[in-house]
Amino acid sequence: NKRNYQKELEKLIDQAQKDNKIPSLFLHSCCAPCSSYVLEYLSKYFNITVFYYNPNIYPEEEYRKRVHEITRLVNSMEFEPPCQTDRGHYDPQEFFQMQKLEDVPEGGERCFKCYRLRMEEAAKLAEEGGYDYFTTTLSISPLKNAAKINEIGQELAEIYHVQHLPSDFKKKNGYKRSIELSHEYDLYRQNYAVASIPEERLKTENKAVTTIM
């Protein structure tokens with residue numbers, strides 16, 4: 001049977017509330033627009049640290065623009081308790097070392113490897129930080145494979161010994177709400193990532209590794 005990850009998430013939330021607990025969550029953010037609804041939804045039930053790590057974004061100017069937007073969003077939304085932010089390092093070469101860009105359609109193995117690259121960094125840091133859960137905002141997109149995202153999350157949970165929070169954030173009109181919130185907060189909405197840039201051009205134009213603190 002097809003799993004309903006939204007229902008699984010709701011059960012975990014219900015149990016935490018019955019136990020009078022507010023679990024800690026290390027949340028990988030793909031971008032501010034996608035994070036808006038996820039933060040609005042989950043901040044009622046979790047202590048959240050927002051982690052922005054996306055080496056698939058190019059050029060660095062674009063990356064910094066997106067970092068600015070997620071920081072602005074977190075600072076603009078009123079959370080109780082407040083959300084924290086953790087910005088990962090920027091090195092698009094990590095993306096290319098993971099795989100060579102092939103002419104494959106959106107939603108295939110290239111995407112799955114990109115999910116894992118970002119989610120694994122989140123799982124590692126969630127374990128190091130002693131968080132109760134980690135997850136990613138990626139499943140809010142209708143273009144992303146929620147089943148694969150959750151499958152990867154479960155594999156990483158077993159490797160890093162930190163629980164993966166199941167999710168399919170596009171459910172319950174999540175994607176629609178993210179668009180509404182993006183308009184409300186006037187969020188910058190991008191339409192491309194590094195995958196559309198030839199590797200040769202990247203190598204000649206961007207060799208620096210930048211840590212954003």
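Model, not experiment: these values are computed from the prediction. For reference, positions follow the sequence shown, starting with 1.
For the atom pair OG (Ser36) and CD (Glu184), the distance works out to 9.0 Å, reported to the nearest 0.5 Å. Here the NE2-CE distance, from His28 to Met119, works out to 9.0 Å after rounding to the nearest 0.5 Å. The OH atom of Tyr37 lies 7.0 Å from the CD1 atom of Ile140; values are rounded to the nearest 0.5 Å. To the nearest 0.5 Å, the span separating CG on Leu165 from OG1 on Thr136 amounts to 11.0 Å. Separating the CG atom in Leu42 from the CZ atom in Phe169 is a distance of 4.5 Å, to the nearest 0.5 Å. For the atom pair Asp14 CG and Tyr45 OH, the distance stands at 8.0 Å (nearest 0.5 Å).
The backbone N or O of Lys7 sits less than 3.5 Å from a side-chain atom of Asn4, completing a donor-acceptor pair. Side-chain atoms of Lys44 come within 3.5 Å of backbone N or O of Glu40 as a donor-acceptor pair. Formation of a donor-acceptor pair under 3.5 Å by the Arg72 side chain with backbone atoms of Ala32 is not found in this model.
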* Asked: Going through the distances and angles, do Asn54 and Arg118 end up as a side-chain hydrogen bond (donor to acceptor under 3.5 Å, both in side chains)?
  -> CA-CA 6 Å; Asn54 297 287; Arg118 292 177 281 172; 2.9 Å; yes
* Step by step, would you call Tyr185 with Met77 a side-chain contact (heavy atoms from CB on, under 4.5 Å)? -> CA-CA 9 Å; Tyr185 289 96; Met77 297 181 81; 3.6 Å; yes
* Decide side-chain contact (heavy atoms from CB on, under 4.5 Å) for Glu10 and Lys172; before the verdict, give the C-alpha distance in whole Å, the side-chain angles of both, and the deciding distance to 0.1 Å. => CA-CA 12 Å; Glu10 289 171 2; Lys172 299 180 68 174; 3.5 Å; yes
* Please report the C-alpha distance between Asp132 and Ser24 in whole Å, then the side-chain angles of each, then the deciding distance to 0.1 Å, and finally whether the side-chain hydrogen bond (donor to acceptor under 3.5 Å, both in side chains) criterion is met. => CA-CA 5 Å; Asp132 296 314; Ser24 56; 3.2 Å; yes
* To do: Please report the C-alpha distance between Glu128 and Lys124 in whole Å, then the side-chain angles of each, then the deciding distance to 0.1 Å, and finally whether the salt bridge (charged side-chain N to carboxylate O under 4.0 Å, His left out) criterion is met.
  => CA-CA 6 Å; Glu128 291 174 11; Lys124 287 178 186 176; over 6 Å; no
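Ion pairing between a basic and an acidic side chain is recognised when a charged N comes within 4.0 Å of a carboxylate O; Glu180 and Arg177 show such pairing. Look at Lys11 and Glu8 and you find no salt bridge, because none of the NZ, NE, NH1 or NH2 atoms lies under 4.0 Å from a carboxylate O. A salt bridge does not link Lys65 to Glu60: none of the charged side-chain nitrogens sits closer than 4.0 Å to a carboxylate oxygen.
Taking 4.5 Å as the limit, some side-chain heavy atom of Leu39 sits within range of a side-chain heavy atom of Leu27. Counting heavy atoms from C-beta on, the side chains of Ile70 and Ser35 come closer than 4.5 Å.
Taking every heavy atom of both residues into account, Val50 and Ser29 meet most closely at CG1-CB, 3.8 Å. Across all non-hydrogen atoms, the minimal contact from Arg66 to Ile57 is NH1-CD1, 2.9 Å.
Just one residue in the list Phe46, Phe51, Phe26 forms a ring pair (Phe, Tyr, Trp, His ring centres under 6.0 Å) with Tyr131, and that residue is Phe26.
Residues Tyr5 and Leu12 fall into different hydrophobic clusters, defined by Ile, Leu, Val, Met, Phe, Trp and Tyr side chains chained together at heavy-atom separations under 4.5 Å.
Listed by chain and residue number, nothing satisfies the salt bridge (charged side-chain N to carboxylate O under 4.0 Å, His left out) test with Glu127 (two or more places apart in sequence, or in another chain).
Taking the six-membered ring for Trp and the full ring otherwise, Tyr133 and His164 have centroids separated by 6.0 Å or more.
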Going by atom type alone, with no hydrogens or angles, which donor-acceptor pairs under 3.5 Å involve a side-chain atom of residues 147-161 and a protein atom two or more places apart or on another chain?
residue: Lys148; atom: NZ; partner: Glu151; partner atom: OE2; Å: 3.2
residue: Asn150; atom: OD1; partner: Ser167; partner atom: N; Å: 3.0
residue: Asn150; atom: ND2; partner: Ala146; partner atom: O; Å: 2.7
residue: Asn150; atom: ND2; partner: Ser167; partner atom: O; Å: 2.7
residue: Glu155; atom: OE1; partner: Arg116; partner atom: NH1; Å: 2.8
residue: Tyr160; atom: OH; partner: Glu120; partner atom: OE2; Å: 2.5

